[in-house]
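The structure under discussion appears below in the form of C-alpha cells.
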Amino acid sequence: MKKVHFPKLPRLPWSRRTIPAADRKTRNYDALKRLPEPSWLEQPLRSSLEDNLTALRDIFKDCSDFVYRELMISPERKGMLAYIEGTVKSEDLQDHILRPFILGMMLKDPEVNGTLDPLDETRISMSQTKTMDQWKMVSAAILDGNAALFVDGKSRAYIFSAKGGVRRGVEEPQTEAVIRGPREGFTETLRVNTALLRFKLKTSKLKMHSMTMGTETQTGVVLTYIEGIIDPKLVEDVKKRLSDIKIDGVLETGYIEELIEDHPFSPFPEMEYTERPDTVTAQLLEGRFAIFVDGTPFALIGPVTMWQMMQASEDYYERFFISNVVRWIRYLFLILALFLPALYVAVTTYHHDMLPTTLILSIAAARESIPFPALVEALMMEISFEALREAGIRLPKTVGQAVSILGALVIGQASVQAGIVSAPVVIIVSLTGIASFTIPRFNFAITVRLLRFPIMLMAGVFGLFGIIIATTLIATHLTKLTSFGVPYMSGYSPYKHTDQKDIVVRAPWWKMTKRPSWIGKDNNKRAKKNMNGSPTTEEGW
C-alpha cells in the first residue's frame with residue numbers, strides 16, 4: 001500500500017509549539033512569544049516629526065480609533081498629539097494641552113513660544129507627565145489611555161495622563177448587599193479600586209505592588225498588603241507566583257486565582273473574592289493580601305480558611321450576640337445544605353426505623369405512586385433545581401423571573417400531581433436550596449451544592465454508612481488542604497485555643513485583641529485590653 005504523506009500544517013504564531021521542546025520540558029515559559037509586531041516597537045524615537053508620524057501610522061495601522069492631531073509648538077516648530085479615542089478625557093486634552101498652545105500662538109508671546117520643551121515651562125497644566133524615548137513604551141502608554149505629544153526636533157515623547165472614557169461609578173455591590181454597613185463597592189477601574197482602599201487605610205504601610213500581566217491584554221494587576229502585619233515570606237511567595245504567570249491575557253481575577261492556588265484539583269475555593277472595600281480592609285488588617293485586576297470589580301484575598309467562607313461583613317457591624325445567633329444559623333443550614341437530601345435518601349431507602357411510625361407512613365403514602373426509587377427522585381429534583389437556578393442567573397432579569405415562576409410551578413405542583421416526584425422530596429430540595437443561599441461566599445456555596453451529589457450517591461448505595469464514608473473523605477481532604485501554606489481548617493486543625501474568638505463564635509470586639517495566630521505572626525496585637533469600661537488597669541499596646 002502506498003504511504004500517504006499529509007502536508008505539514010503551518011506553525012501558528014501563537015501556540016505552545018513556538019516554545020522549544022527543551023523549554024517545554026523544563027516549564028521555561030519565558031520563551032513564550034508575542035504575536036508579530038511592527039518593527040518600530042524595538043526602535044527608539046526619531047527626532048523628525050515626519051518619521052515619528054510614519055511610525056505611528058505603521059504601529060496603529062487599521063486602528064480607526066487612533067487619533068493624531070498636528071499643532072504648532074512655536075512659529076517654527078510643529079508638534080503632534082496622539083491618543084486613542086474613547087480612552088482619554090477629551091476635556092482635559094482641550095483645556096490643558098491644546099488651548100495653551102493655541103493661545104500662545106495667538107498671543108505670539110516670544111517667551112512662551114520660544115521654548116521647545118513643553119515640560120520645562122508652564123504651558124502644560126497637567127500634573128502627571130513624563131517623557132519616553134522608546135516606541136515600545138510610547139505605544140504601551142497610548143494604549144493604556146494616555147496622550148502622547150511629539151515635538152519636531154525632539155527624539156522623545158511627552159506622555160500626559162488623561163485617562164477617561166465611560167466608566168461605571170461607585171455603587172452598592174450587587175452580590176454582597178448588607179443591611180448595616182458601607183454601600184460602596186469596587187468598580188472596573190483599577191485606580192478607583194485602590195483609591196477606595198486608600199480612603200479606608202490612611203497609612204503609608206499599605207503597600208501596592210503593581211505589575212502587568214498578559215502579553216496581549218497588558219492588564220494592570222496590583223498586589224496590596226500592610227507592611228509590618230503580613231508575613232514577609234508570604235509576600236515574597238505571592239510575588240513569585242504572580243511573576244511566574246505567563247499567559248496571553250488576564251480578563252478577570254479568576255485567571256489569577258487558578259494559576260496561583262496551592263491545590264488546583266480541590267473543589268474548595270482557596271481564595272476569597274469580594275466587591276466590598278471594607279471586607280478587603282478588614283482582611284488586610286488581619287495580615288492577608290489582596291489582588292486587584294484592572295477591568296473587574298472583584299478583589300482576591302488570601303490566604304483563607306474554611307471559617308472565613310462562613311463569615312459576612314455584618315457579623316462585625318451588629319452586636320456580638322446577634323452576630324453569633326446568625327452565624328450559628330448559617331452553620332446549621334450549611335449542614336442541611338450538604339447532608340439533608342442524602343439523609344432523606346438513606347432513611348427512606350434503608351433505615352425506616354429511625355423515623356416515627358406516623359411520619360414514615362406519611363412518606364410511604366406520598367411515594368406510593370412514584371415509579372422511581374428515592375435516590376433517582378432526589379437526583380432528578382436536585383438537577384432540575386440547579387438548572388433552574390442557572391437559567392435564572394443567565395437570562396435577563398425580566399425573563400429570568402418568569403422562568404423562575406414557571407419552573408417552580410412545574411417542578412413543584414405539576415410534577416407532584418403527575419406522580420413523577422413525591423411531595424416530601426420537593427420540600428427537601430426546596431429547604432436545601434434555601435439553605436445553600438445562606439452561605440455568604442458564592443464560590444463556597446457552589447462547592448457545597450456540588451458535593452451534595454456524591455454524598456447522595458453514597459447514601460443511595462450504602463445508606464448512612466455511605467454518608468459517614470463521604471464525610472470522612474471530605475474531612476480528611478479539608479485537614480490536608482492549605483491556602484498559601486496556611487491550613488484550611490486553622491483554628492481546629494491544628495487546634496489553637498487563642499484563635500477560637502472568631503470561628504464558630506464571634507467574640508465581642510473588646511475581647512478580640514489579637515489577630516489570628518496563623519496569619520499575623522510578627523505583629524498579632526490589634527487592640528489594647530480592657531476597653532469595655534472595666535476598672536482594671538490598662539495595659540500598654
Are side-chain heavy atoms of D502 and Y316 found at a separation under 4.5 Å?
yes

When every non-hydrogen atom of G287 is compared with those of I230, the smallest separation belongs to O-CG1, 3.2 Å

For P440 and Q311, the nearest pair of non-hydrogen atoms, with its separation, is CB-O, 3.9 Å

| said: Looking at R327 and E314, is there a salt bridge between them, counting it only when a charged N and a carboxylate O are closer than 4.0 Å? | reply: no

Q.
Under a 4.0 Å threshold between the charged nitrogen and the carboxylate oxygen, would E286 count as salt-bridged to R526?
A. yes

- Message: With a 6.0 Å cut-off (strictly less than), is the heavy-atom count around NZ of K239, excluding the residue itself, greater than 12?
- Response: yes

Exceeds 12 heavy-atom contacts within 6.0 angstrom, atom OH of Y495
yes

Practice problem: Mark yes when over 12 heavy atoms from residues, nucleotides or ligands other than K240 sit less than 6.0 Å from its NZ; otherwise mark no. | Solution: no

The reported gap from OH in Y331 to CD1 in I439 (rounded to nearest 0.5 angstrom) is 11.0 Å

Is the shortest distance from a Lys or Arg side-chain nitrogen in D237 or K233 to a carboxylate oxygen in the other one below 4.0 Å? no

CD1 of I360 to CE of M354, rounded to nearest 0.5 Å, is 11.0 Å

(Q) Tell me whether D262 contacts the main-chain N or O of G485 through its side chain, where contact means a donor paired with an acceptor under 3.5 Å. (A) yes

When rounded to the nearest 0.5 Å, the distance separating CG of L190 from OG1 of T296 is 10.5 Å

Checking W307 side chain against V504 main chain: does a donor-acceptor pair fall under 3.5 Å?
-> no

Value for CD1 (I301) from CD (E257), rounded to nearest 0.5 Å, stands at 11.5 Å

How about NZ on K207, more than 12 heavy atoms from neighbouring residues, nucleotides or ligands closer than 6.0 Å, or not? yes

**Prompt:** Which of parallel (below 30°), tilted (30 to 60°) and perpendicular (above 60°) describes F385 and F437?
**Reply:** tilted

What verdict does the side chain to side chain contact (heavy atoms under 4.5 Å, CB included) test give for I420 and F372, after you've listed the backbone C-alpha separation in whole Å, the side-chain angles of each residue and the deciding distance to 0.1 Å? CA-CA 8 Å; I420 298 174; F372 306 109; 4.1 Å; yes

inquiry  = Between N193 and T187 (side chain of the first, backbone of the second, donor and acceptor by atom type, cut-off under 3.5 Å), is there such a pair?
reply    = yes

The test is side chain to side chain contact (heavy atoms under 4.5 Å, CB included); show your working for I468 and M458 and say whether it passes. CA-CA 9 Å; I468 294 171; M458 293 290 286; over 6 Å; no

TODO: Please say whether more than 12 non-hydrogen atoms of neighbouring residues, nucleotides or ligands are located less than 6.0 Å from CE in M211.
DONE: yes

Note, S415 side chain near M380 side chain (heavy atom, < 4.5 Å)
no

Output for pair (D278 CG, L197 CG), nearest 0.5 Å, gives 10.5 Å

* Return yes when atom NZ of K514 has more than 12 non-hydrogen atoms of other residues, nucleotides or ligands closer than 6.0 Å, and no otherwise. => no

Heavy-atom nearest pair, M310 first then R330, reads O-NH1, 2.8 Å

Does atom CD of Q174 have more than 12 heavy-atom neighbours, drawn from other residues, nucleotides or ligands, at distances under 6.0 Å? no

Nearest heavy-atom approach of V170 to G185 is CG1-O, 3.6 Å

Contacts satisfying side-chain hydrogen bond (donor to acceptor under 3.5 Å, both in side chains) that involve residues 343-353 (not counting sequence neighbours) are none

Fill in: Verdict with reasoning, I260 to F484, per side chain to side chain contact (heavy atoms under 4.5 Å, CB included)
CA-CA 9 Å; I260 65 173; F484 293 89; 3.8 Å; yes

Applying salt bridge (Lys or Arg N to Asp or Glu O under 4.0 Å) to D499 and not counting sequence neighbours gives none

* Asked: Are the side chains of L464 and L343 in touch, meaning some heavy atoms are under 4.5 Å apart?
  -> yes

* Asked: With distance as the sole test, does T438 use its side chain to make a donor-acceptor pair with the main-chain N or O of F333 at under 3.5 Å?
  -> no

Correct closest heavy-atom pair for R367 and A374 would be NH2-N, 3.2 Å

Tested for ring-ring contact (aromatic ring centres under 6.0 Å, His included) against Y273, the lone hit among F298, F292, F444, F186 is F298

* **Step-by-step side chain to side chain contact (heavy atoms under 4.5 Å, CB included) determination, I291 to T253** => CA-CA 8 Å; I291 298 173; T253 50; 5.6 Å; no

Would you check if the side chain of R441 reaches a backbone N or O of A312 as a donor-acceptor pair within less than 3.5 Å?
no

Closest heavy-atom pair, P487 versus T482, reported as atoms and distance to 0.1 Å, is CA-CG2, 4.2 Å

Residues at least two apart in sequence or cross-chain that pass salt bridge (Lys or Arg N to Asp or Glu O under 4.0 Å) with E258, listed by chain then number, are none

So CG of L284 and CD1 of I229: to nearest 0.5 Å the spacing works out to 8.5 Å

State plainly whether the residues R288 and E272 are in salt-bridge range, i.e. N to O under 4.0 Å. no

